[in-house]
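Presented below is the structure to which this report refers.
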Number of protein chains: 2
Amino acid sequence: MSDVAKAAGVSAATVSRALRGEPGVSEATRQHVSEVARRMKYAIARDASSLAGGRRYAIAVLTSEVSPVLAGAEGALRQAGYDVLLYVLAEPGARAKFFDELPLGRRVDGVLLLSMSLSGAEQAALESLEVPHIAVDDTDLRRALRTAVAHLLELGHRDVALVLSDGVDESYDEILASAGLDVRPEWTVWCSPTVDGGEQVVDVLLDGERLPTAVISSNGAAALGIYLRVQRDGRAVPDEVSIVSLDGQELTRVVGLTAVEGAAKEQGERAVADLLTLIRGGQIEPVEHPLRLVVRNSSGPVRTAG
Amino acid sequence: MSDVAKAAGVSAATVSRALRGEPGVSEATRQHVSEVARRMKYAIARDASSLAGGRRYAIAVLTSEVSPVLAGAEGALRQAGYDVLLYVLAEPGARAKFFDELPLGRRVDGVLLLSMSLSGAEQAALESLEVPHIAVDDTDLRRALRTAVAHLLELGHRDVALVLSDGVDESYDEILASAGLDVRPEWTVWCSPTVDGGEQVVDVLLDGERLPTAVISSNGAAALGIYLRVQRDGRAVPDEVSIVSLDGQELTRVVGLTAVEGAAKEQGERAVADLLTLIRGGQIEPVEHPLRLVVRNSSGPVRTAG
DNA sequence: CTGTTAGCGCGTTCAA
DNA sequence: TTGAACGCGCTAACAG
């Protein structure tokens with residue numbers, strides 16, 4: 001840095017201020033210093049910078065799975081000039097160890113949590129770091145369902161079945177009802193969030209006397225199972241049955257299922273933006289995560305009877 | 001550190017040496033210092049350590065996609081006490097920028113590359129960092145193919161078609177031939193590495209007079225496409241046609257395709273072990289990446305004719 | 001707006 | 001085997 005300072009005819013402190021965008025430097029000086037630094041291929045040494053008490057230029061990213069959201073977040077952080085310290089906290093052991101040891105002291109400017117629901121203790125541990133943090137929630141099932149229902153209504157569907165993953169125990173009847181659909185108990189079914197689960201549930205669903213013209217699945221893998229099974233049964237998708245997934249797994253994309261996607265990339269970017277705002281001491285206002293209906297080949301107009 | 005030194009009745013230099021396992025400290029002193037440090041929950045500050053010329057306790061992980069290998073590598077590195085600096089270099093722009101700016105100077109102890117085939121220039125840029133690096137190769141198609149062929153032979157198949165992804169231009173005839181299979185030119189076909197590609201190739205393949213009893217696909221998505229199309233054509237899998245993928249994408253697992261998998265986790269762990277050996281100045285000996293045949297529901301005994 | 005001074009917390013001499 | 005002094009590259013607080 002002193003080399004750059006000498007070359008630019010200023011002091012090291014000025015170089016520091018100029019390169020970090022700190023106030024207190026004339027615009028002319030800043031430009032000049034930046035130019036010289038670039039020519040000399042100089043970049044601030046982060047270690048020394050953080051040692052001296054400045055920022056650390058690093059964000060810890062905690063995630064329970066390596067997912068597209070991670071890719072989105074990484075890109076946004078990198079672009080903002082931050083390093084990404086990755087912690088994959090998939091196994092309970094690793095997760096417990098992390099929150100026990102909290103190896104983040106004085107090493108990051110912020111923490112980003114992806115698809116992690118924290119326990120109270122974990123939350124408290126995180127707070128004790130005294131570092132800004134923010135979490136990216138999972139897709140909001142409720143809103144996703146409304147989106148899917150609207151899509152199907154538009155296509156003329158009135159007989160819509162809802163396949164929920166085991167573990168989802170809220171009632172969504174009111175959403176179906178308020179959309180003007182009949183709520184038929186036998187058209188709300190549960191299955192495991194797997195391809196197998198989806199296949200099995202089809203037997204139940206298409207066994208009644210009245211068949212739904214469309215099926216919404218809360219889980220992507222199950223949606224795929226439904227799709228495969230329905231086709232194997234000799235029913236055309238979407239001509240006889242439309243299928244919509246509320247979960248934008250890669251699976252749904254690859255086989256061409258219509259899905260409500262969590263807009264993973266945007267969610268990650270949004271979260272990064274919020275986190276950076278927090279780091280700068282700003283206030284953030286909660287916003288709903290964007291949802292995106294991606295219409296592919298598994299949903300179409302309802303077939304007019306007769 | 002000076003606090004610990006005081007508490008232990010030694011100098012800071014001794015604490016440093018003791019905690020880093022440096023020689024030149026009596027075993028008694030080392031034990032004592034370690035004990036005191038633990039009691040005081042003291043850990044060496046990595047920033048200061050690297051500033052002063054010591055280790056950086058960090059590894060840069062470069063990857064072209066967020067994949068299970070990444071998860072495996074992260075775990076292994078974490079366990080070895082290293083931070084993971086993640087760089088997702090999926091987009092050409094990001095990748096070019098990285099190799100242009102090389103933002104790694106003096107910041108990591110090593111570099112781990114996952115599923116990245118480096119160009120000569122990139123290779124050179126990496127070397128210029130003067131930091132140990134190691135790459136996890138993609139699955140070796142050749143060996144994977146041998147594994148798949150052996151599996152099918154065992155099941156009695158003799159009429160095996162090979163679907164290669166566009167871009168794969170090596171000849172694998174000798175592998176098929178040496179396994180005692182007839183090499184029929186019309187049974188080696190190319191398609192794009194997508195579900196669509198797989199679907200399309202089925203038309204070509206099952207249009208001849210003599211049909212293969214098994215299909216090997218080098219790509220997982222294409223394998224899925226083949227699977228879907230064959231079923232839709234009303235042919236049973238695996239009773240009429242067996243399908244084996246040489247690529248263990250999640251896709252193949254979820255829909256139950258037999259696949260030769262790269263044993264991602266083990267590969268990642270192995271690479272980390274090698275990298276750490278390099279960092280310590282050791283020599284590594286090349287080993288073949290482990291391959292694993294995962295038999296699922298898409299491969300079965302050949303149906304005895306008539 | 002800019003320069004000067006004094007550390008940040010450690011590793012590495014060198015001497016004892 | 002240990003300790004004291006020095007400097008790594010930078011930023012914060014002050015002075016101008």
Side-chain angles (χ1 to χ4, degrees), chain A residues 1-37 40-58 81-83 103-109 130 279-281, chain B residues 1-37 40-58 81 83 103-109 130-131 279-281:
Chain A
M1 181 183 262
S2 61
D3 290 346
V4 176
K6 221 168 289 172
V10 296
S11 72
T14 298
V15 173
S16 172
R17 285 187 281 248
L19 259 32
R20 283 180 301 144
E22 286 276 295
V25 193
S26 73
E27 199 45 46
T29 308
R30 189 187 305 279
Q31 298 244 345
H32 179 221
V33 169
S34 302
E35 172 54 31
V36 172
M40 300 178 69
K41 294 195 95 180
Y42 168 81
I44 288 180
R46 277 136 130 108
D47 291 327
S49 179
S50 63
L51 214 213
R55 288 162 55 193
R56 264 152 281 282
Y57 300 97
Y82 283 89
D83 273 342
L104 255 36
R106 272 178 68 67
R107 302 205 297 131
V108 296
D109 297 314
E130 300 186 353
I279 289 173
R280 295 190 194 105
Chain B
M1 181 182 263
S2 61
D3 291 345
V4 175
K6 223 168 289 173
V10 295
S11 74
T14 299
V15 174
S16 171
R17 285 188 279 247
L19 259 31
R20 281 180 304 142
E22 285 277 296
V25 193
S26 73
E27 200 44 47
T29 309
R30 189 188 305 279
Q31 298 244 345
H32 179 221
V33 169
S34 302
E35 172 54 30
V36 172
M40 300 178 67
K41 296 193 94 178
Y42 169 80
I44 287 182
R46 280 135 129 106
D47 290 329
S49 178
S50 63
L51 215 212
R55 284 168 55 195
R56 268 154 279 283
Y57 300 97
D83 274 342
L104 254 37
R106 273 176 66 67
R107 303 206 296 131
V108 296
D109 297 311
E130 299 185 357
V131 156
I279 290 173
R280 294 190 195 105

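Treat the numbers as computed from the prediction; the structure is a model and nothing was measured. Residue numbers begin at 1 in each chain, while the letters A, B, ... track the order of the sequences. Note that these values count all heavy atoms, side chains included, but never hydrogens, waters or copies made by symmetry.
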Checklist entry - How does protein contact run along nucleotides 7-16 of chain C, one letter per nucleotide 5' to 3', with B for base contact, S for sugar-phosphate only, - for none, heavy atoms under 4.0 Å? => result BBBBSBB---
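- Remark on the helix from C/dC1-D/dG16 to C/dA16-D/dT1: inter-end axis angle 30°, axes from five-pair C1' superpositions, rounded to 10°.
- Residue A/T14 places none of its side-chain N or O atoms closer than 4.0 Å to OP1 or OP2 of C/dC1.
- Rounded to the nearest 0.5 Å, atoms OG (A/S11) and NZ (A/K6) are 12.5 Å apart.
- Protein atom CD of B/Q31 is 14 Å distant from nucleotide atom P of D/dT1, rounded to whole Å.
- Here the C1' atom of nucleotide D/dT1 and the NE2 atom of B/H32 are 16 Å apart, to the nearest Å.
- Using a 4.5 Å heavy-atom cutoff, the side chains of B/S26 and B/R30 are not in contact.
- Following rounding to the nearest Å, A/D3 (CG) and D/dC8 (C1') show an atom-to-atom distance of 14 Å.
- Looking only at side-chain heavy atoms (C-beta outward), A/L19 and A/Y42 come within less than 4.5 Å of each other.
- Between B/S26 and D/dT2 there is a side-chain N or O to OP1 or OP2 distance below 4.0 Å.
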Item to check | Candidate pair A/I279 and A/Y82, rule side-chain contact (heavy atoms from CB on, under 4.5 Å), full reasoning | outcome: CA-CA 12 Å; A/I279 289 173; A/Y82 283 89; 4.1 Å; yes
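- Dense packing is recorded around CD of A/E27, with more than 12 heavy atoms of other residues, nucleotides or ligands lying under 6.0 Å away.
- B/R106 has its side chain out of reach of B/S50: every pair of non-hydrogen atoms, C-beta onward, lies at least 4.5 Å apart.
- Counting heavy atoms from C-beta outward, B/R56 and B/V108 have side chains that stay 4.5 Å or more apart.
- If you measure from atom CZ of A/R30 to atom C1' of C/dT2, you get 13 Å, rounded to the nearest angstrom.
- The pair A/D83-A/R46 meets the salt-bridge criterion, since a charged nitrogen lies less than 4.0 angstrom from a carboxylate oxygen.
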